[in-house]
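Read the structure below first, then the notes.
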Amino acid sequence: MKRVRMVVVITAVALIAFYALINYIDVKDDNGNKTIVVGFVYDGDESAPYTYNFIKAANKLKAYDFNGNVEVIEKSNIPEEKGEEAMNELIAEGCDVIITTSYGYQITAKEMAKKNPNIQFCEATGDNANEDPLPNYHTFMGEIYQGRYVTGIIAGMKLKEMIKDGVISKDQAKVGYIGAFPYPEVISGYTAFILGVRSVVPTATMDVYYTNTWTSYSLEKSYAEKLIDEGCVIISQHSDTIGPAVACEDASEHGKTVYHVGYNQSMTDVAPTTTLVSSRIDWSVYIVSAVEAVLAGDDIERHVGGNVHGNDICAGFDKGWVNILDINTHVAAKGTEEAVNEAIEALEKRQLTVFKGDYIGINPDDPEDKYDLNKGYIENENASAPSFHYILRDVVTVH
């Protein structure tokens with residue numbers, strides 16, 4: 001019996017060692033090429049434009065010519081508190097790369113990276129990669145302030161046209177903005193937007209309504225309606241539904257002159273007569289390149305390229321990380337495309353400082369903390385996550 005038990009123990013140990021070895025070594029196909037599994041953790045599904053942009057990136061990864069050496073596994077509608085469970089499932093399914101797509105996952109993702117050093121974790125919109133850095137934990141984000149600024153120029157040109165045509169006066173050049181939360185990401189975005197507007201119409205003003213949620217069609221639509229009632233003639237957003245676009249289209253159908261600037265997706269299908277343009281981050285550029293790096297056994301940041309800060313990386317128009325979607329030529333002002341091309345070229349060459357002008361910004365969490373934009377502020381200079389968090393004195397915010 002002792003000999004039998006000993007044989008069982010030795011066999012069990014051998015099996016454990018065998019499976020550990022299989023998990024440790026690179027899996028090869030019949031031609032000797034490395035094969036990897038890439039897992040995605042989504043906080044929503046394809047019905048949410050933000051998540052859908054990551055799904056499109058995953059689809060591009062699937063379609064990319066990796067000679068069949070990349071497998072993709074996706075986990076949708078994962079709440080922040082369920083992130084560890086989803087990541088453990090992906091680890092059990094053999095993932096070599098795990099891409100987490102929401103800021104709320106970053107603490108868990110980094111903890112999982114520490115426990116699983118042979119797996120590369122890539123966290124979108126995160127800001128903790130360089131705090132006690134790990135070689136297998138990375139953060140990334142597109143420099144979306146550039147897109148906000150350019151769409152602001154498009155909005156400004158429409159305002160200028162409306163003033164010229166006598167539709168509104170210079171004093172009525174008022175835009176509204178639906179923001180999710182008073183986070184730096186949102187503040188940076190709407191500040192870049194109004195600075196883009198004012199590069200064309202210096203007298204333009206802006207009111208901001210916070211929904212305090214990323215996804216609420218009813219709140220976003222109702223706040224957009226309030227802004228329209230308060231005299232805003234262009235509405236933009238950093239929120240995740242079509243509510244503001246629908247509000248603009250409804251208002252137009254009831255005789256009001258109002259236009260819309262979207263985010264994450266084209267809004268021309270739901271607001272064909274009022275949509276001017278949208279912008280978005282194209283996450284596929286980073287994701288495809290990062291997977292190429294892992295396949296090649298290369299350093300992710302070095303392989304991807306861009307604005308690198310340790311284990312954190314970003315890029316803008318220059319690398320295709322930021323897109324302008326569907327300028328609605330039936331609605332946009334004459335000369336818009338030329339102005340957009342000129343601005344994008346300046347941004348690509350780093351010849352334009354967006355956060356600059358005769359303005360004072362105030363930190364909403366500390367009124368004594370002020371920033372003079374005459375000296376300029378370089379967004380994403382030290383990290384991929386937006387950091388500009390000063391509200392211009394004449395911007396009205398409503399919580």
May I ask you to decide if Glu301's main-chain N or O and Asp299's side chain share a donor-acceptor pair within less than 3.5 Å? yes
Pair Asp229 + Lys256: basic N to acidic O under 4.0 Å: yes
Tell me if the CG atom of Asp132 is crowded by more than 12 foreign heavy atoms within 6.0 Å. no
Step by step, work out the side-chain contact (heavy atoms from CB on, under 4.5 Å) result for Ile327 and Thr336. CA-CA 8 Å; Ile327 296 175; Thr336 292; 4.1 Å; yes
Tyr210-Val398 co-clustered via ILVMFWY side chain contacts under 4.5 Å: no
Considering non-hydrogen atoms only, spot the tightest contact between Phe54 and Ala124 and give its length. CZ-CB, 3.6 Å
Between Glu345 and Lys349 (salt bridge meaning N to carboxylate O under 4.0 Å), is one present in this structure? yes
Kindly determine whether Asp43 and Thr51 satisfy side-chain hydrogen bond (donor to acceptor under 3.5 Å, both in side chains), including the steps that lead there. CA-CA 7 Å; Asp43 63 345; Thr51 301; 3.2 Å; yes
Closest contact, heavy atoms only, Asn53 versus Arg280: OD1-NH1, 2.7 Å
Within the structure provided, determine whether Ile73 and Leu90 are in side-chain contact (heavy-atom separation under 4.5 Å). yes
Whether over 12 other heavy atoms sit under 6.0 Å from Glu342 CD: no
Minimum heavy-atom separation for Cys248 to Thr274, with atom names? O-CG2, 3.7 Å
Check whether any side-chain heavy atom of Thr213 lies under 4.5 Å from a side-chain heavy atom of Leu219, and answer yes or no. yes
Stepwise side-chain contact (heavy atoms from CB on, under 4.5 Å) test for Val270 and Ile242: CA-CA 8 Å; Val270 296; Ile242 60 174; 3.8 Å; yes
Group every Ile, Leu, Val, Met, Phe, Trp and Tyr by side-chain heavy-atom contacts under 4.5 Å, then state whether Met162 and Leu227 land in the same group. no
Compare all side-chain heavy atoms of Ile313 with those of Thr139 and state whether any distance is below 4.5 angstrom. no
Distance-only polar pair, side chains of His138 and Glu123, donor-acceptor under 3.5 Å: no
Pick one: which of Asp394, Leu392, Asp372 meets side-chain contact (heavy atoms from CB on, under 4.5 Å) with Ile360? Asp372
State, with a plain yes or no, whether a side-chain heavy atom of Phe121 is found less than 4.5 Å away from one of Met112. yes
Is the number of heavy atoms from other residues, nucleotides or ligands under 6.0 Å of Asp358 CG greater than 12? no
Does CD1 in Ile107 sit with more than 12 non-hydrogen atoms of other residues, nucleotides or ligands closer than 6.0 Å? no
For the side chain of Asn128 and the backbone of Glu131, is there at least one donor-acceptor N/O pair under 3.5 Å apart? no
Test item: Ser278 side-chain N/O and Asn264 main-chain N/O as donor-acceptor pair under 3.5 Å: no
With a 4.0 Å cut-off, would you call Lys164 and Glu161 a salt bridge? no
Is there a donor-acceptor pair closer than 3.5 Å between any side-chain N or O of Asn328 and the backbone N or O of Thr268? no
Is it the case that atom NZ in Lys62 sees more than 12 heavy atoms from other parts of the structure closer than 6.0 Å? yes
When hydrophobic residues are tied together by side-chain contacts of less than 4.5 Å, even through go-betweens, does Val233 share a cluster with Met206? yes
So OG of Ser384 and CD1 of Ile144: to nearest 0.5 Å the spacing works out to 13.0 Å
Answer yes if Tyr259 and Val167 sit in the same cluster of Ile, Leu, Val, Met, Phe, Trp and Tyr residues linked by side chain heavy atoms under 4.5 Å apart, and no otherwise. yes
Indicate yes or no for a side-chain donor-acceptor contact from Tyr105 to the backbone of Tyr42 under 3.5 Å, with no hydrogens or angles considered. yes
Taking 4.0 angstrom as the limit, do Glu230 and Lys226 come out as a salt bridge? no
By side-chain contact (heavy atoms from CB on, under 4.5 Å), which residues pair with Ser169, not counting sequence neighbours? Asp171, Gln172
Taking the side chain as C-beta and beyond, is there a heavy-atom pair between Val197 and Tyr149 under 4.5 Å? no
Parallel, tilted or perpendicular: rings of Tyr209 and Tyr223 (30°, 60°): tilted
Consider ring-ring contact (aromatic ring centres under 6.0 Å, His included). Of Tyr377, Tyr359, Phe355, which one does Tyr371 pass it with? Tyr377
Strictly distance-based, threshold 3.5 Å: is any side-chain N or O of Ser289 a donor or acceptor partner for the main-chain N or O of Val285? no
Side-chain heavy atoms under 4.5 angstrom apart, residues restricted to Ile, Leu, Val, Met, Phe, Trp, Tyr: same cluster for Tyr145 and Ile154? yes
Thr353 and Ile378, any side-chain heavy atoms less than 4.5 Å apart: yes
Test item: Asp369 side-chain N/O and Asp366 main-chain N/O as donor-acceptor pair under 3.5 Å: no
Flag yes if more than 12 heavy atoms outside Lys56 fall under 6.0 Å of its NZ atom; otherwise flag no. yes
Between Asp45 and Ser76, do the side chains contain an N or O donor and an N or O acceptor separated by less than 3.5 Å? no
For Glu379 and Phe388, indicate whether the former's side chain and the latter's backbone hold a donor-acceptor pair under 3.5 Å. yes
For Tyr64, does the OH atom have more than 12 heavy-atom neighbours from other residues, nucleotides or ligands under 6.0 Å away? no
Test side-chain contact (heavy atoms from CB on, under 4.5 Å) applied to Thr211 and Ser216, step by step: CA-CA 8 Å; Thr211 60; Ser216 173; 5.6 Å; no
Which heavy atom in Glu143 sits nearest to a heavy atom in Val322, and how many Å separate them? O-CG2, 3.4 Å
Using side-chain hydrogen bond (donor to acceptor under 3.5 Å, both in side chains), reason through Glu249 and His260 one step at a time and then give a plain yes or no. CA-CA 8 Å; Glu249 196 73 7; His260 179 259; over 6 Å; no
Counting heavy atoms not belonging to Glu46, are there more than 12 under 6.0 Å from its CD? no
Closest contact, heavy atoms only, Asn130 versus Pro133: O-CD, 3.7 Å
With a 4.5 Å cut-off on side-chain heavy atoms, are Thr273 and Val331 touching? no
Hey, are the side chains of Met141 and Pro386 touching, using non-hydrogen atoms and a 4.5 Å cut-off? yes
Please report the closest heavy-atom contact between Ala173 and Val201, naming both atoms and the distance. CB-CG1, 4.1 Å
Does Arg148 make a cation-pi contact with Tyr263, if we ask for NZ or CZ under 6.0 Å from the ring centre and within 45° of the axis? yes
Can you list the steps and then say if Thr241 with Glu220 is a side-chain hydrogen bond (donor to acceptor under 3.5 Å, both in side chains)? CA-CA 7 Å; Thr241 82; Glu220 291 170 37; 2.7 Å; yes
Can you tell me if Asn363 uses its side chain to pair, donor with acceptor, with the backbone of Asp365 under 3.5 Å? yes
Please determine, by modelled atom types, if Gln106 and Asp127 share a side-chain donor-acceptor pair under 3.5 angstrom. yes
Would you confirm whether Asn136, through its side chain, and Ala113, through its main-chain N or O, come within 3.5 Å as a donor-acceptor pair? yes
Angle class for the Tyr177/Phe193 ring planes (parallel below 30°, perpendicular above 60°, tilted otherwise)? tilted
